[in-house]
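The analysis underlying the following values was restricted to heavy atoms, covering all of them including side chains, and did not include hydrogens, waters or symmetry mates. Just so it is clear, the model here is predicted, and its values are computed rather than measured. Residues take their numbers from the sequence shown, with the count starting at 1.
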Amino acid sequence: FYTEIILGLPDETFESFIQGLMTLLYEDIDELRVYPLSLLPNAELASPESREKYCLQTKSLEIERLGYWGSGPREFLEIVTGTKTMSEEEIIKSWVFVFTLQTFHINKWLKYVSIFLDREHGINYRNFYEHLISAVGLNSARYPRINKIISSFEALAKNHQTIGTHFQLSNHKIYLYPFGYASWLIEEDRNSFFREIKDFVYSNFLVDLPADLLKYQSDIIVSHRYNSKQGCQNEYAFNWVDYYEASAPLRASPQRISYADRSFAIDKVSFNPGDMLGWLRAVVGLSYRFKTMIHQPETRKTTESIHSHM
């Protein structure tokens with residue numbers, strides 16, 4: 001199931017907003033959509049009395065229609081950028097946190113890593129993702145891919161560009177939401193990304209992530225090299241499927257997992273192996289509605305393997 005929430009409501013604080021997000025994550029929501037509070041003409045919140053009562057700071061933002069500017073009358077929306085209980089800086093921090101959760105947890109690039117850290121080491125989601133955000137700038141040379149992703153989120157948030165798509169791929173007429181742009185950056189070299197994550201987790205939490213876990217985390221997300229005619233097969237040393245889907249205790253259990261996805265998203269599209277743009281459209285999707293990201297359970301087959309690796 002998915003959840004839609006509004007950021008910047010009167011009396012909301014940074015702490016209550018972040019705690020609300022954490023509640024949703026622990027409910028294992030499938031989708032998270034966050035919108036800025038908008039002041040519409042003749043609405044009570046748009047009245048001079050409400051603006052003064054809640055100390056509403058606002059900005060006029062042009063509405064972008066999937067990256068296509070100029071196709072019709074220009075439309076603007078007055079969005080709230082600060083309130084009596086939530087400063088502009090806190091709203092900016094909230095948006096960076098939202099983009100981070102949408103990319104790494106909702107889109108699952110680090111969901112299984114974060115669950116493992118929470119269950120096995122007591123590192124809760126908030127602690128993990130806040131540390132990930134704080135890595136920007138402090139260790140940009142050490143974590144270049146993470147830095148580029150989080151920095152892009154910060155740039156959007158500081159300009160309050162929080163509605164619509166704001167990233168255009170070079171030389172392509174494709175416009176992406178923040179999670180789509182981040183997914184593209186990761187997929188360009190996902191091995192490097194997960195090496196950065198392993199280093200980051202050890203440096204910040206003194207936890208040496210098992211190679212088997214990182215392999216499972218990477219493998220479960222559909223690769224642009226995936227061949228839908230052949231499917232794919234991977235072997236693991238632990239019972240990751242039961243661990244995540246049935247909350248079973250983690251144990252050594254050599255397994256072979258096969259996937260046979262033939263098409264993706266609600267419109268059942270596919271792509272050719274190695275076609276990054278095709279992968280982007282089919283797996284990541286150009287909107288919230290069409291993304292798939294992971295191999296689907298109904299195509300999965302799990303069998304015992306006589307081989308194991310750590």
Side-chain angles (χ1 to χ4, degrees), residues 1-64 75-107 110-111 114 118 123-136 149-166 177-179 182 287-289:
F1 65 98
Y2 77 85
T3 301
E4 296 181 331
I5 58 178
I6 295 174
L7 172 55
L9 289 170
D11 297 328
E12 180 87 270
T13 67
F14 175 76
E15 189 62 30
S16 67
F17 180 76
I18 299 300
Q19 286 297 332
L21 292 178
M22 291 303 98
T23 298
L24 293 173
L25 255 61
Y26 280 100
E27 289 294 326
D28 200 26
I29 59 172
D30 297 313
E31 184 57 81
L32 173 65
R33 307 183 190 185
V34 182
Y35 304 97
L37 175 62
S38 304
L39 301 185
L40 302 179
N42 301 318
E44 182 178 349
L45 269 180
S47 68
E49 295 78 14
S50 293
R51 291 172 186 266
E52 181 179 1
K53 178 180 179 180
Y54 299 113
C55 301
L56 300 182
Q57 306 167 44
T58 66
K59 177 180 180 179
S60 181
L61 187 70
E62 185 169 5
I63 300 175
E64 183 182 1
E75 298 181 59
F76 293 85
L77 201 60
E78 186 181 11
I79 65 168
V80 170
T81 60
T83 71
K84 181 190 296 185
T85 56
M86 206 170 185
S87 67
E88 181 176 9
E89 181 181 355
E90 288 174 325
I91 284 184
I92 290 171
K93 284 175 58 180
S94 297
W95 277 115
V96 174
F97 200 74
V98 165
F99 295 149
T100 299
L101 294 186
Q102 287 176 328
T103 297
F104 297 118
H105 204 89
I106 301 301
N107 269 27
L110 293 176
K111 179 177 180 178
S114 64
D118 184 47
I123 302 166
N124 62 43
Y125 297 160
R126 179 174 181 175
N127 191 10
F128 175 62
Y129 289 116
E130 283 184 336
H131 272 77
L132 191 67
I133 292 170
S134 70
V136 174
I149 291 169
I150 302 296
S151 294
S152 71
F153 296 162
E154 290 181 336
L156 283 186
K158 287 177 181 178
N159 290 309
H160 299 288
Q161 299 295 318
T162 54
I163 302 176
T165 56
H166 296 283
Y177 284 90
F179 68 80
S287 73
Y288 289 98
R289 184 168 176 242

Where do [X] and [Y] come nearest, in terms of heavy atoms and distance?
X      : Y      : result
Ile149 : Ala182 : CG2-CB, 3.7 Å
Arg51  : Leu45  : CG-O, 4.0 Å
Leu25  : Leu101 : CD2-CD2, 3.8 Å

Problem set entry | Polar side chain donor-acceptor pair, Ser50 to Glu44, under 3.5 angstrom | no
For this session: Drop me the distance from Glu12's CD to Ile18's CD1, to the nearest 0.5 angstrom.
Result: 9.0 Å
Seminar exercise, completed: Output for pair (Asn107 CG, Phe179 CZ), nearest 0.5 Å, gives 5.5 Å
Seminar exercise, completed: By side-chain hydrogen bond (donor to acceptor under 3.5 Å, both in side chains), Lys93 pairs with (sequence neighbours left out) none
Exercise. In chain order, what residues pass the side-chain hydrogen bond (donor to acceptor under 3.5 Å, both in side chains) check against Asn124, with sequence neighbours excluded?
Worked result: none
Exercise. Is any NZ, NE, NH1 or NH2 atom of the basic residue among Lys59 and Glu88 found under 4.0 Å from an Asp or Glu carboxylate oxygen of the other?
Worked result: no
Problem set entry | Residues Lys53, Asp11: salt bridge by 4.0 Å N-O rule | no
For this session: Using the test side chain to side chain contact (heavy atoms under 4.5 Å, CB included), find all partners of Ile91 that sit at least two apart in sequence or belong to another chain.
Result: Leu7, Met86, Trp95
Exercise. Does Leu40 offer a backbone N or O that forms a donor-acceptor pair with the side chain of Ser38 under 3.5 Å?
Worked result: no
